[in-house]
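So the structure is just underneath, and the comments pick up after that.
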Amino acid sequence: MTRTTIRSKAAALAAVGMLALGTGVLAAAPAQAAGCGVSGGRLYCGNTPNVDMHRWSSFNAPWVNTLKSNPSVFDCWSTGDYHDGGNTTWYGAYGDVNGNFGMVPASVVYTSSAFDANPGAYGLRHC
């Protein structure tokens, strides 16, 4: 990731209630406990790091990448396999190993149940 990309990501996260710390580590702003928000049609949110990403919204789909970052930027949402989050919502992002796009279950993204029920209502596009 280039310095310009890091600055751009930090600026975008700041716009939705995330703070960039001097070391490049990102943390949730105190005013936004969940640390999630949609800006410019993308979801900026904390998540479990080092999770497998699948080609489509299914645990049986082939591995395409690993999401190592936390927080991360999610480009869209879809429905798929039921998961530990108690729903069928999955989020799509570009991973950190090879740049491929993949899907992760909502159970690894720190969104609320209300958000997972209808991410489109918050401005996140459907994949």
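- You'll find the side chain of P62 reaches within 4.5 Å of the side chain of R55, heavy atoms only.
- F59 shares a hydrophobic cluster with W90, Y94, F101, M103; the chain of contacts runs through ILVMFWY side chains whose heavy atoms sit under 4.5 Å apart.
- Remark: H126 NE2 to C76 SG distance equals 8.5 Å, nearest 0.5 Å.
- Here the options are N100, V64, N98, the test is side-chain contact (heavy atoms from CB on, under 4.5 Å), and the partner is M53; only V64 passes.
- At least one side-chain heavy atom of F74 sits under 4.5 Å from a side-chain heavy atom of V109.
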Working note: N87 + S113, criterion side chain to side chain contact (heavy atoms under 4.5 Å, CB included); need CA distance, chi angles, decisive distance, verdict. CA-CA 8 Å; N87 61 59; S113 296; 5.9 Å; no
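- Ring centroids of W63 and H54 are separated by 6.0 Å or more, keeping the two rings apart.
- Smallest separation of non-hydrogen atoms from W77 and G120: NE1-N, 3.5 Å.
- For the pair T111/C45, a side-chain contact is recorded, criterion being any heavy-atom separation below 4.5 Å from C-beta on.
- A donor-acceptor pair under 3.5 Å is formed between the side chain of T89 and the backbone N or O of D116.
- Residue R42 holds its CZ atom at 11.5 Å from OG of S72, rounded to the nearest 0.5 Å.
- The heavy-atom pair separating S107 from G85 by the smallest distance is CB-N, 3.3 Å.
- The distance from atom CG of N70 to atom CG of D96, rounded to the nearest 0.5 Å, is 10.5 Å.
- Without hydrogens or angle criteria, N47 side chain to V108 main chain gives no donor-acceptor distance under 3.5 Å.
- Side chain of S58 to main chain of N60: a donor-acceptor pair is present (N/O by atom type, distance under 3.5 Å, no hydrogens or angles).
- Closest of all the heavy-atom pairs between A61 and W56 is CB-CE2, 3.4 Å.
- Once rounded to the nearest 0.5 Å, the distance linking CZ of F115 with OH of Y91 reads 5.0 Å.
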Quick one: do T66 and D52 satisfy side chain to side chain contact (heavy atoms under 4.5 Å, CB included)? Show the steps, please. CA-CA 5 Å; T66 300; D52 287 343; 4.2 Å; yes
